[in-house]
Amino acid sequence: MTTVRFYNTLTRNVEPLNPRQDQKVGVYCCGPTVYDVPHAGHARAAVAFDVLVRHLRARGYDVTYVRNITDIDDKILARAKENGEAPLALSQRMAEVYRQQIAAVGCESPTHEPKVSDHLPEIFAIVEKLIARGAAYVVDMPGGTRDVYFSVRSFPGYGKLSRRKIDELVSGARVEKDETKRDPLDFALWKGAPEDEWGWKSPWGHGRPGWHIECSAMSGKYLGHGFDIHAGGMDLIFPHHENEIAQSEAADPDQGDFARAWMHNGFVNVDKEKMSKSLGNFVTVRDVLERNDPEAFRWFLLTVHYRGPIQFDTDKLGDGRVVFPGVDEAERRVDYVYATLGRLSELSADAAGIPDKLAAGLHEPRVELGRAMQRAQDALDDDLNTSVALAELGEIARLGNDVCDLALKRRKDPAFVTGARAVAAEALGLIDALARQLGLLAATREEYAQRTRERRLRLRGLSAGDIDAKIQARTAARQNKDFAKADELRQELEAQGVSLRDGASGTEWSVGV
RNA sequence: GGCGAGGUAGCCAAGUGGUUAGGCAACGGUUUGCAAAACCGUCACACGCCGGUUCGAAUCCGGUCCUCGCCUCCA
């Protein structure tokens, strides 16, 4: 039995996974409020918990993964007004962009992806329960509408997730005084709105749900009270997740904890500061994907442990174009692993099993391959240490390349080559398995090579035709032993970011990141 | 003010009581007409500062400096 363990924000400890039902795990992740296109932070959260789900599944758990879409929100209303668009049309459009781009960075679709607008009845049910239990109260508003608020002081456990004390919150600087609420800390479960404003009919009249209640309603519907893991960004710990706990546990006080464990991902910082609209340093997923391959972005996100902050630094080229050096570096690693995959596939094309007597010099790499894979698994078991898992993926690739090199050097030794083919097949299998767990290397080598080449040519303003023409000229020069001319052409291409590789079957070229 | 994260070699980034993290950059080597790719090696006896515990500390304890985040919508 493997021991998968994760950091639980509720207890501030790394704890073994302890599913409610043997081998079944329910995960709820707070998804985006869809009023704009997704940014790097959305991608980070989605990728972190996609790896969580993939790893759990690789470990044999039957995972139900729920990630919601918040499609009712004041920001959506405001943006839709600016656009002259219906709010739900805007949120649908942005939800679609989110799905596409998050899928592009290698995230599998959640088992359920509920939207708030489809779950009003579930929300009403919880709010009514809370009112009946005295944990929430209705307020008549001046305009004739009615709000419903959750009474924070009625819930004794308030603050247990974020380690905040109610009285300290009150004395804290920024709790606004609001005469409509009985207590400044109370938060809205339902906000009444005029009939002509965007809203839904509820037991308390026309209006819209408060932000927090949706997650209580939807997690309850798809996973039930007391599910295994609730996930989201660290900024959601307070007040969002604290409030979810309060609502759900106050609604069903006899059912124990709302969620058994809480996992939170760290922020994305841009040039040392938290990415934020007010600082104007937002990097959208689209920005990154215009510049880099989606798998490079994912690799980059996984180089840092999910709980720590990730430095997303930007740089400017001479022409003013913004680039992402960290993602560029990751893209070179993705290139490397795909290239390795190519060499291993070739070598292992007609591999048989490992021979009884494996040629000397192959035992060690083979053993090391197994060890690297084991270390990667141990690292993922230990609170999803993707940084180490990627290092081990690199180690497996390195060993694979080594075997390919050895097979070349000793190509006249049939026993060795046979053994090398078999070891290459094993290495290939390990890379595939580990990459699948990490959500990487989902494309074929050909697809990856083609799409990165096209993108890099476009970014550099180059055309494949021009490059081919220069290569032909260089090939001619080489045949005439005019190496000065050949080298001049090589250097010209090199200056444009194009590297040449002279092989037995001609000259191949590649464009740098 | 309350709560929290972090300071690791030129840069990025794991580790958290004792044996190599890893990557990038740079430099050497094998290979090559020259290169590229790949592989090997060097940079690397690094861990903010000061004390303490310990046979032994980047890792534990105390103090201290600095950076950042949350406490208001936020992934």
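Protein chains get the first letters and strands the later ones, always in sequence-line order, with residue 1 at the start of each. The analysis underlying the following values was restricted to heavy atoms, covering all of them including side chains, and did not include hydrogens, waters or symmetry mates. Here the structure is a predicted model, which means the values were calculated and not measured.
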Within the 4.0 Å heavy-atom criterion, would you say [X] contacts the bases, only the backbone, or no part of the nucleic acid?
| X | answer |
| --- | --- |
| A:Asp402 | sugar-phosphate |
| A:Gly41 | base |
| A:Gln311 | sugar-phosphate |

Item to check | Which nucleotide in B:A35, B:A75, B:C39 has an atom nearest any side-chain atom of A:Asp405 | outcome: B:C39
Item to check | Selection from B:A75, B:G4, B:C70 that lies nearest to any side-chain heavy atom of A:Arg12 | outcome: B:G4
Checklist entry - Which word best sums up how the rings of A:His230 and A:Phe227 line up, parallel for under 30°, tilted for 30 to 60°, or perpendicular for over 60°? => result tilted
Using nucleotides 23-30 of chain B, report all nitrogen or oxygen pairs with the protein that are shorter than 3.5 Å.
unit_1, atom_1, unit_2, atom_2, d
B:G23, O3', A:Arg333, NH1, 3.4
B:G23, O2', A:Glu329, OE2, 3.2
B:G23, N3, A:Glu329, OE2, 3.4
B:C24, O4', A:Glu329, OE2, 3.0

Next on the checklist: Ignoring hydrogens and geometry beyond distance, is the side chain of A:Asp502 in donor-acceptor contact with the base of B:C34 at under 3.5 Å?
Outcome noted: yes
Checklist entry - Under the 3.5 Å rule, do the base of B:G33 and the side chain of A:Arg474 count as making a donor-acceptor pair? => result yes
Item to check | A:Arg453 NZ/CZ over A:Trp509 ring centroid, <6.0 Å and within 45° of normal | outcome: yes
Checklist entry - Looking only at side-chain N and O atoms, does A:Asn385 come under 4.0 Å of OP1 or OP2 in B:A14? => result no
Next on the checklist: Is the phosphate of B:C68 approached by A:Asn269 (side-chain N or O, under 4.0 Å from OP1 or OP2)?
Outcome noted: no
Checklist outcome for this item: Taking a pair to mean Watson-Crick or G-U wobble geometry with both distances below 3.5 Å, B:U30 pairs with B:A38
